[in-house]
Structures are given as structure tokens and as C-alpha cells.
2 protein chains.
Amino acid sequence: MSNFVFRKFQSLGNFSADDEARLNASMQRVERIRPHTDLVQEGVHARYLNIVLEGWACRYKHLEDGRRQIIALFVPGDMCDPCVFTLDAMSHIIGTLTPVTLGRIAEKDMLEITRTSPSLSKAFWLEMLVSAEIQREWTVNLGRRTALERLAHLFCELLLRMRAVGLTKGCECDLPITQADLGDVLGLSPVHVNRTLQEIRAMGLVEVRGKRLVVHDEPALQALGLFNPNYLHLLPSPSQKG
Amino acid sequence: MSNFVFRKFQSLGNFSADDEARLNASMQRVERIRPHTDLVQEGVHARYLNIVLEGWACRYKHLEDGRRQIIALFVPGDMCDPCVFTLDAMSHIIGTLTPVTLGRIAEKDMLEITRTSPSLSKAFWLEMLVSAEIQREWTVNLGRRTALERLAHLFCELLLRMRAVGLTKGCECDLPITQADLGDVLGLSPVHVNRTLQEIRAMGLVEVRGKRLVVHDEPALQALGLFNPNYLHLLPSPSQKG
DNA sequence: CGATAGGTTGAGTCGCATCAACCGGGGTGG
DNA sequence: CCACCCCGGTTGATGCGACTCAACCTATCG
């Protein structure tokens, strides 16, 4: 199992070697899915739990006239739908943003795992609650923050999430998505994303170069984005270095 | 138990007389909480599951500078936090919008109920999944719909949710909240809510008078709001008459 | 070497916010 | 019982933030 997925589960509670073995045994690897591919179709009952192992994916919805809103971002270690099994059909789509490698767990294995491993089912449960918390925070982001604040807030969140799975180097991490995708996350037009990126860089807080996010002043960025990390329910980080 | 709460649980699956008795036994009634009162403080571990029996409540967050976003609306029959027990602390506040009567179930009773009654725990689980679906749809609403569309969409949702618990008369239901509260739901200023209400009324779709919502043309309202009811996961309604 | 996707820039417009004043009704205190 | 107050709603004027359209630039890839 990749190191950062291991970290992810560790961050969700006690995670034993036995748990790891069980996960590995039931996880089927699906390599290098192309970017901008839909994994799960709207209106279809989910048959697998998908864990992102490499690359970024998202949950999104389309309006009839083509407008698109990305509802959630999935970075390595994230589970795309820890809770979707019981609903008859999904009202959203899960798709890749970059080339993605998935770990896939069939529904019956999931049921078996949650029935027999308290630590793993607690991990799935926590993952679900935290993703709901993120969803709520995004609601606030879209409803009450300006473009500049939204961008700052998103960058703060992503940096912390990437750090939690050990995918940062100091205040730097991958940001492998386009400005248009960022716009669909933030409810902004691609043009305005571009200008807002320039503005935030001119303030000396953040730079985006070559699909990398480089945060120069994290406290100031958090202040700008009115960012309070509580909603991520991160453990007091044992190592900030990533 | 009030008729509409009964309906609510029926709409969430098979709900026996025995289930009803168990709920009644462990539910403590809290009468007439004042409007604009916080039920659960931010950063405090929840000790109860709250079910709204009368009135409307909401989940909201504040930004440091006073901006406020309502993240969820709770109408009679809704559970304020079916899933919050396992998280250490909440990053949001639950408060009343109108005078509210709650049914309150202590944490230990909840654990007991979910452990021993499959039908009730399935109901709680479903309620949680649907509320997550609503949250996602609101994210789209704030990110990608105009003020007029947002309002139309919200009204469509509220009408269906109220109908599901039998609190509509045809295409009419209570709407006991202020325009300022609507603004905090929709990410709009109170002034703009007012103007948008006038606009939607001038179109002949909806009227709001005396804390009542009156929908004149539900299909047209759904079209305007780009509304697709799938996300509510309502059962094929046995009776539309409310 | 051309095609194409992503990024950048400018001009013009519009949706929504803000500020401020005013109205109307229900509750309260004198 | 009346006067007042205050909250919620309404209206107008003005400004700004973000969108749209359109052109152009740049890097990558076949």
C-alpha cells in the first residue's frame, strides 16, 4: 500500500498491520484512468468504494444548460463515496481531473470489512463525517466569501489535506488541475480565476507555477481566506514537515 | 407523536408501531424554544439528537467579520444532526429561526436504538444521506445559479420537503422566516432577496404572503430553478395532496 | 510543423451589494 | 387606550465585483 494511503488511515484512528492486510487483500488496483473520465454515472447504483491512490478526482453536477459545479475534490487517500451504497441512485457524477489510479473495494467486501473490523469501519465513518464538514464549509465559501477569499480558503484547505497525507514539501504541494476546473470549484469564471490568481500572487501569499502550489505566507493566507481549520478535524499533527 | 413526524419516519422505510413506541419512550419534548436561539454551541460535543417537531431551525456558520451563511434548514420532522455523535466538536451552530419545539433523544438512547432496531437505524442513516445530498445541491445552488434561479430552486425544494411530511395544502405551505434569513440561505443581501421575490411574483410563479409560500405554477418554477427532485430521494409519493 | 488546450489580457456589461431613507404593523409602556 | 418603538419589508441611487466576449499568447504533443 502506498505510504500516503497508509497515513490517511492512520489519521483516521488506530490502524493495525492486520487492517492494512485486509484492505490490501480486498482492494483492486485500477491503473491510470485518463483525465476527465467519469467513474460513476449519474443515476447508477454504486458498486464499489473507490479510493484515490494517484491523481485528483472530483464529484460534480451539471445544470441542463451546461453550467458545472465541482462539489468535492478528491486527492490521494480520499474515498470518493464512503457512504453511497445504501442510496438507490446517485444524483451526481464522480470523474477524474488528472490521470488517476484507484483502489477499488467491492460492495460485498465493504460490508464484510465494516462488519468485522471496528477500526476500519470507524475510519470509513470518520472519513464520511469529515467530508460532510468540508461540504458545509464549501457552502459557506460559495455563499459568503469573495473570489479572493474563496481562493485563499481553498488553498489553505488543500495544503492541510495534502499535508495530512504527507504529500507536501513544507508549504508546497501539487495542484494538478486547470484554472477552468478551479473555477468550477469556486463558482467563478476561468477568466476571473486567472485574475484572482494574479492578485493573490501580487500580495506575496501564494504562487502557482507548473501545477505546483507554493504558499509563501500561510498565516496571512489563512487570515485572507477567513480560514479556520477546525472543520477538517485533523489530529494535532505529529509532523508538519510532510 | 405528531402525525407529520410519523410520516417522516414512514417515508424513511418500514416504520412499525413498535418503532413508534420506542421513539416516543426515549424522546423528551422541549417546548417552545424562542426564535433565534442557539441550540448547540460551536465546538461543543453534541449530547442529544434533536428532531424538530414544530417550527423551523437551521445550521449556520459565522465568519469573523459577521457574515453569516445558513447551511441547512430544518423543517418539522427533520433531524438536526443524525450523525454528529462521533465527532469531537462541531464547527457550526444549530439555532432556531422561529419558535421551535424539539424532540430530544439522549446519546445513550440513540446508541441503544440503533443497536437494537434495524428499521430505525436505517431511518437515521437515510436521513443523514439525504441531508448530505441536499447539502451538495445547495453547493451547486450557490456556485452556479443566479439569484432568481436560487430562489426558485429553494422554493421547489421546500415545497417537496414540506409535502413529504404532509405539511402542504396543495401548492401552499408555511414559510415562517424573514427575508434576511432567506438571504443567509441563498448567499444574497436582504435587499436583493426582496427584489428577487418581487420578480418571481411578477412572473406569476410564486407568491409569499403572510409567512405562507404559495406556488402558482410548480412546473414552471422547477424549470426556472433548473430543479431536478432526484437528489431528495423521495419515495414515489402516495398522496400529493398533502 | 501545425493543431490544440490552457493561460493571459482588454473592453464592455450586468448582477448584486451597499447605503440610506421610508413605510407599515404588532407589541409595549405610559 | 393611545403613542411610541422597533423590526421587517420596500424603494431608490450608486458602485463594484465578476461575467462575457474576443483576441492573442504559449507550451505541449502528435
Side-chain angles (χ1 to χ4, degrees), chain A residues 34-37 56 63 65-70 96-99 141-154 174-203 206-213 224-225, chain B residues 34-37 56 63 65-70 96-99 141-154 174-203 206-213 224-225:
Chain A
R34 296 170 158 277
H36 300 108
T37 307
W56 287 31
L63 301 189
D65 62 0
R67 277 174 284 177
R68 172 180 186 244
Q69 177 68 41
I70 291 178
T96 61
L97 294 170
T98 71
N141 216 19
L142 292 168
R144 288 302 184 196
R145 272 183 267 251
T146 66
L148 189 63
E149 292 163 352
R150 280 182 222 176
L151 193 62
H153 190 278
L154 178 68
D174 280 343
L175 185 72
I177 65 179
T178 67
Q179 293 182 2
D181 289 333
L182 270 181
D184 286 341
V185 168
L186 298 171
L188 299 172
S189 70
V191 173
H192 200 63
V193 168
N194 183 285
R195 291 194 231 264
T196 309
L197 279 168
Q198 291 177 39
E199 191 180 351
I200 210 170
R201 185 170 106 226
M203 296 172 75
V206 166
E207 226 166 328
V208 175
R209 34 165 203 252
K211 302 293 176 199
R212 293 280 291 175
L213 174 71
L224 175 63
Chain B
R34 298 171 157 276
H36 301 106
T37 308
W56 288 31
L63 300 188
D65 63 0
R67 278 174 283 179
R68 173 181 186 242
Q69 177 68 41
I70 291 178
T96 60
L97 294 171
T98 70
N141 215 19
L142 291 168
R144 286 305 183 194
R145 274 184 266 251
T146 67
L148 190 61
E149 293 163 351
R150 278 181 223 177
L151 193 61
H153 189 279
L154 178 68
D174 281 341
L175 185 73
I177 65 178
T178 67
Q179 294 182 2
D181 290 333
L182 271 180
D184 286 340
V185 168
L186 297 170
L188 299 172
S189 69
V191 173
H192 201 63
V193 168
N194 183 284
R195 292 193 231 263
T196 309
L197 279 169
Q198 292 177 39
E199 192 180 351
I200 212 171
R201 187 171 103 225
M203 297 171 76
V206 167
E207 225 166 328
V208 175
R209 34 165 202 252
K211 302 293 178 198
R212 293 281 292 176
L213 175 71
L224 175 62

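Quick note on labels: first sequence line is chain A, next is B, and so on, each numbered from 1. No hydrogens, no waters, no symmetry mates; every other heavy atom, side chains included, goes into these values.
- In terms of heavy-atom proximity, A:D181 sits nearest to A:I70 at O-CD1, 3.7 Å.
- A:L151 contributes atom CG, which lies 9.5 Å from atom OG1 of A:T146 (distance to the nearest 0.5 angstrom).
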Counting primed atoms plus P, OP1 and OP2 as sugar-phosphate and everything else as base, spell out the protein contacts along nucleotides 9-17 of chain C at 4.0 Å heavy-atom distance: B, S or - for each nucleotide, 5' to 3'. BBB----BS

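- In this structure, B:R212 and B:D174 have side chains that are in contact, with non-hydrogen atoms separated by less than 4.5 Å.
- B:H192 NE2 to B:R150 CZ: the interatomic distance, rounded to the nearest 0.5 Å, is 8.5 Å.
- Residues B:T196 and B:R201 form no side-chain contact, since every pair of their non-hydrogen atoms from C-beta on lies 4.5 Å or further apart.
- Across the protein-nucleic acid pair, A:K211 atom NZ and C:dG6 atom P stand 8 Å apart, rounded to whole Å.
- Think of the region where chain A sits on DNA chain D: with heavy atoms and a 4.0 Å cut, that region ends 5' and 3' at D:dA18 to D:dC21.
- Contact check for A:Q69 versus B:N141: no side-chain heavy atoms found under the 4.5 Å cut-off.
- Of the possible polar contacts, none joining the A:R144 side chain to the B:R67 backbone as a donor-acceptor pair under 3.5 Å is found.
- Between A:P190 and A:A180, the closest heavy-atom pair is CB-CA, 4.2 Å.
- Taking the side chain as every heavy atom from C-beta outward, A:M203 and A:L148 approach each other to under 4.5 Å.
- Side chains of A:T96 and A:R34 form no contact here, defined as non-hydrogen atoms less than 4.5 Å apart.
- Contact check of residues 177-185 of chain B against DNA chain C (heavy atom, cut-off under 4.0 Å) returns no residues at all.
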